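Since the model is a prediction, treat every value here as computed from it, not as a measurement. In what follows, every heavy atom counts, from backbone to side chain, and hydrogens, waters and symmetry copies are set aside. Numbering starts at 1 and runs along the sequence shown.
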Amino acid sequence: MGKENKGFRPVLERPVFPKRAVVTAGMPYGNKELHFGHVGGMFVHADTFARFLRDRIGEENVIFVSGTDCYGSPILESFRKLKESGALAPEVTIHEYVEGNHKKQKKTLDDYEISPNFYGASALEPAAKTHNQMSKELFDDLYERGYLKLLSTPQFMDPEFKVLLNGRQVIGKCPIEGCCSEKAYADECDLGHQYMPSELIEPKSALSGKTPEIVNVNNWYFSLEDFTDELQEYINDLRKNSNTRKYILNTIEEFLKKPVIHVQKKQIAANPNTWQGGEIAKEEMEAAFAAGLAELEAAFPEHETIAEEKKPSVTFVFKHLDDRDRAREVLGDRQIFYRTGKTLVPFRLSGNIDWGVPVPEKDGVNDLTFWVWPESLWAPISFTRTYLKQCGRNEDEWKTWWQGEDSKVYQFIGEDNIYFYGIAEMAMFAAAVTEKGEQVKIGWDKLPQLVANRHILFMEKKASSSSEIKPPMAQDLLAYYTPEQLRMHFLSLGLSTKSSSFKPQTYLPENERDGVDPVLKEGNLLTNVFNRILRSCLYTIQKYDDSVIPCLPVSEIMLETTKEKVLEYERHMYNHDFHRITYVLDDYIRFLNKQFANNSKKMEENAGLRAQLLSDCFYGIKAAMLLLHPIAPTGCEMAREYLGFSKKVFSWDYVFAGVEEVLEDASAKTKFLEPRVDFFKKHESQFECRTSNSPSSNE
């Protein structure tokens with residue numbers, strides 16, 4: 001199986017998987033059902049990998065957890081709006097609101113054959129008490145080790161209603177240079193950039209529409225900026241030793257830069273301290289710019305100035321975040337507009353909304369709750385603990401699963417969340433397990449591996465619940481496609497390398513539908529090609545061999561092709577290149593069909609050739625079922641039942657074994673296959689003409 005090495009392997013060496021694994025999928029908010037992006041952009045990939053690992057290292061050695069993110073300002077704001085509009089009855093509590101959405105989410109996952117061992121909810125039992133305890137333990141660990149700061153920081157207050165505004169009740173423009181976010185909230189934009197509230201550009205209150213006032217409030221912060229060097233070493237280590245996707249590492253590294261401020265030269269030239277404005281000649285503008293720059297540099301803390309002749313802006317680079325903030329005050333006093341760059345800012349742990357996990361009282365500060373982002377980072381640990389308790393085991397075993405020498409945690413997320421999982425989580429987790437006084441070592445092999453997918457678009461455009469383009473609900477898609485068709489299609493989109501568009505023809509007007517529905521293209525491998533080889537082989541042995549599978553030694557071409565495709569599949573699964581897996585499956589299953597089709601006429605007259613061909617094809621079917629099992633489990637289980645295979649057929653311990661080794665009884669007959677039976681079924685709507693039920697029928 002190759003030497004033990006947890007780093008990246010050469011192509012010719014088989015990858016080594018951990019002895020036990022935890023798989024997590026990013027948590028959807030509790031104010032909505034699941035839309036297609038939740039399922040197609042993340043859950044299908046996480047589930048496919050979890051199912052693969054169960055087959056690869058044993059079902060008992062894999063825990064797949066996820067759940068509903070119940071707390072936070074998005075839920076509060078949605079709840080408030082629904083109550084105001086009358087869409088929710090007055091007696092409905094926020095607890096009941098998120099519980100209803102949690103149940104809908106869980107049903108959708110079940111319907112898509114997503115198979116978490118535990119799908120919980122941070123505010124609902126059986127996980128809520130454990131999650132509160134986990135939050136307390138981690139906070140206490142970080143506090144005792146000296147990594148937390150109590151800071152008095154600006155928070156927005158509505159000037160009309162005189163109430164503090166939560167994060168989603170303030171909307172402005174992102175202050176990060178180059179950001180193209182459509183929406184920026186109090187201290188983060190919808191592309192995941194973090195900044196301090198005072199940096200938000202043109203803030204407006206969602207309650208009154210007015211510019212909010214700023215008051216100072218006390219909150220706990222994790223000193224994330226203190227871990228810049230450790231995080232850089234961590235990234236360097238990942239580049240050398242892991243198969244983490246390069247764009248994840250590049251995204252993290254963008255935030256490890258020194259604090260900077262970008263100011264346009266014309267702003268500096270128009271500095272009220274040096275110029276009164278108006279039309280001026282080029283020479284005068286240059287002189288005004290030079291004077292303004294000199295005046296700013298004298299007022300700024302220690303810094304480096306980058307002023308390239310051809311660029312319209314000047315960049316000021318500071319050693320420390322505090323220095324940058326003092327420079328921001330200088331610019332604010334002079335009414336000079338500026339943008340900041342990506343850097344590490346203090347990571348806020350607490351807030352003051354009632355709907356949240358309580359923060360332990362420290363230094364006389366109480367009545368705070370955790371900000372939703374940090375507590376959602378350790379929620380998967382809470383869910384792991386809860387699952388272990390449900391299994392009658394000690395919940396402290398979670399440390400073996402999350403930190404053990406032979407364990408690995410794989411976290412499937414969207415690319416907008418890399419900052420939280422790849423930076424804040426890694427630094428916090430490493431700090432929490434480091435003894436007080438010792439230097440923090442962020443070991444890539446001890447911390448979770450991120451599997452971040454790119455955006456899944458809808459009809460070539462970014463869709464979200466908060467944007468103008470609303471995504472179709474995942475549950476609605478099941479009225480037109482089967483789960484297996486959708487799973488195959490979502491995996492084929494190649495989200496590991498690029499943003500891809502989901503373009504189901506059933507959501508297009510009739511006059512815009514052209515050719516094959518792209519959603520059905522990959523599913524055709526199951527509903528047509530693999531169905532065909534399964535039926536052909538079963539019907540043939542029913543006709544000639546009394547329904548008994550022949551088990552002759554397999555031909556060299558079948559053995560070599562199977563080994564090549566199996567090892568290629570294994571390598572792609574190790575690297576989480578799911579679209580490449582669909583290519584391998586397509587090549588291999590079509591190869592099986594070609595082998596059968598090319599010899600179908602000859603075998604009718606030659607019993608020896610027929611026995612050899614069937615032995616080869618059933619061997620190939622056995623391998624294909626193992627490779628397909630993580631993607632299309634129901635169809636594979638149905639095929640197993642008809643073929644008389646034992647559960648061994650879904651174990652990688654028998655990946656190259658002969659068919660006779662996975663049969664329940666080598667002399668037993670296969671289950672009789674009636675005409676036109678499908679193992680991998682099409683949706684019933686695909687057998688009928690499109691009707692007025694199509695979502696685009698009114699267009």
Side-chain angles (χ1 to χ4, degrees), residues 154 172-181 184 187-203 223-229 231-232 235-236 247 249-275 277 280 282-347 418-419 422-423:
K173 297 179 182 178
C174 181
I176 301 299
E177 177 75 8
C179 178
C180 56
S181 167
D187 51 12
E188 62 166 327
C189 75
D190 64 353
L191 293 183
H193 296 143
Q194 296 286 294
Y195 42 82
M196 300 304 286
S198 56
E199 297 179 63
L200 182 65
I201 299 170
E202 298 178 12
S223 304
L224 188 56
E225 67 274 24
D226 294 343
F227 295 87
T228 303
D229 293 340
L231 284 165
Q232 186 63 65
I235 293 302
N236 295 341
Y247 87 87
L249 304 181
N250 294 340
T251 300
I252 293 174
E253 206 160 33
E254 288 178 358
F255 287 94
L256 305 184
K257 298 175 182 177
K258 293 288 186 182
V260 301
I261 292 176
H262 305 279
V263 184
Q264 289 190 332
K265 292 177 180 177
K266 62 182 180 181
Q267 287 277 327
I268 296 174
N271 183 345
N273 289 358
T274 60
W275 189 256
I280 58 175
K282 179 180 178 181
E283 293 77 9
E284 293 178 287
M285 177 67 79
E286 290 175 350
F289 167 70
L293 182 61
E295 195 269 331
L296 285 179
E297 291 199 288
F300 279 172
E302 183 180 355
H303 67 281
E304 174 191 358
T305 300
I306 302 174
E308 299 180 22
E309 184 177 349
K310 294 184 179 180
K311 288 192 175 180
S313 63
V314 177
T315 300
F316 301 98
V317 184
F318 301 90
K319 286 188 175 181
H320 305 289
L321 193 63
D322 289 345
D323 294 336
R324 189 198 71 174
D325 289 343
R326 288 200 296 274
R328 287 177 49 240
E329 292 176 4
V330 170
L331 293 169
D333 290 342
R334 288 157 177 75
Q335 299 179 346
I336 295 176
F337 181 81
Y338 61 89
R339 291 270 189 174
T340 53
K342 295 178 183 178
T343 192
L344 297 182
V345 299
F347 187 58
I418 291 174
Y419 181 91
I423 298 177

- Does P301 reach the side chain of D322, with side-chain heavy atoms less than 4.5 Å apart? no
- Euclidean distance, E302 CD relative to E297 CD, rounded to 0.5 Å: 12.5 Å
- Query: Yes or no on side-chain contact (heavy atoms from CB on, under 4.5 Å) for H303 and V260, after CA distance, side-chain angles and deciding distance?
  - Reply: CA-CA 9 Å; H303 67 281; V260 301; over 6 Å; no
- Between E304 and K319, is the closest basic N to carboxylate O distance under 4.0 Å? no
- Item | side-chain contact (heavy atoms from CB on, under 4.5 Å) evaluation trace for F318 with D325 | CA-CA 10 Å; F318 301 90; D325 289 343; over 6 Å; no
- For atom NZ of K258, decide whether the heavy atoms of other residues, nucleotides or ligands shown that lie under 6.0 angstrom number more than 12. no
- Query: Do N250 and E254 have side-chain atoms, one donor and one acceptor, less than 3.5 Å apart?
  - Reply: no
- Message: Between L256 and L344, is there a side-chain heavy-atom distance shorter than 4.5 Å?
- Response: yes
- Query: What's the verdict on side-chain contact (heavy atoms from CB on, under 4.5 Å) for T340 and Y338, showing C-alpha distance, side-chain angles and the deciding distance?
  - Reply: CA-CA 7 Å; T340 53; Y338 61 89; 4.1 Å; yes
- Task: Measure the shortest side-chain to side-chain distance between R339 and I201 over non-hydrogen atoms and say whether it is less than 4.5 angstrom.
- Result: yes
- Query: Does some side-chain heavy atom of T343 sit less than 4.5 Å from a side-chain heavy atom of K257?
  - Reply: no
- Query: Do the side chains of H320 and P259 get nearer than 4.5 Å, heavy atoms only?
  - Reply: no
- Query: Quick check: does any side chain N or O of Q267 sit under 3.5 Å from a backbone N or O of F337, one acting as donor and the other as acceptor?
  - Reply: yes
Considering only distance and modelled atom types, tabulate donor-acceptor pairs under 3.5 Å from the side chains of residues 306-317, sequence neighbours left out.
residue : atom : partner : partner atom : Å
T315    : OG1  : H262    : ND1          : 3.0

- Student check: side-chain heavy atoms of L224 and V345 closer than 4.5 Å: no
- Distance (rounded to the nearest 0.5 Å) between I268 CD1 and L293 CG: 5.5 Å
- Task: Mind checking the CZ-CD spacing from F255 to E253? Nearest 0.5 Å is all I need.
- Result: 12.5 Å
- Message: Within the 4.5 Å heavy-atom criterion, are R334 and E295 side-chain neighbours or not?
- Response: yes
- Taken to the nearest 0.5 Å, the spacing of L296 CG from I336 CD1 works out to 4.5 Å
- Could you tell me whether the side chain of I252 reaches within less than 4.5 Å of the side chain of Y419, counting heavy atoms only? no
- How long is the span from the CG atom in D323 to the CZ atom in F300, to the nearest 0.5 Å? 11.0 Å
- Message: Looking at every heavy atom in both K173 and A184, which two are closest together, and how far apart are they?
- Response: C-CB, 3.6 Å
- Item | Salt bridge flag under 4.0 Å for residues E199 and R324 | yes
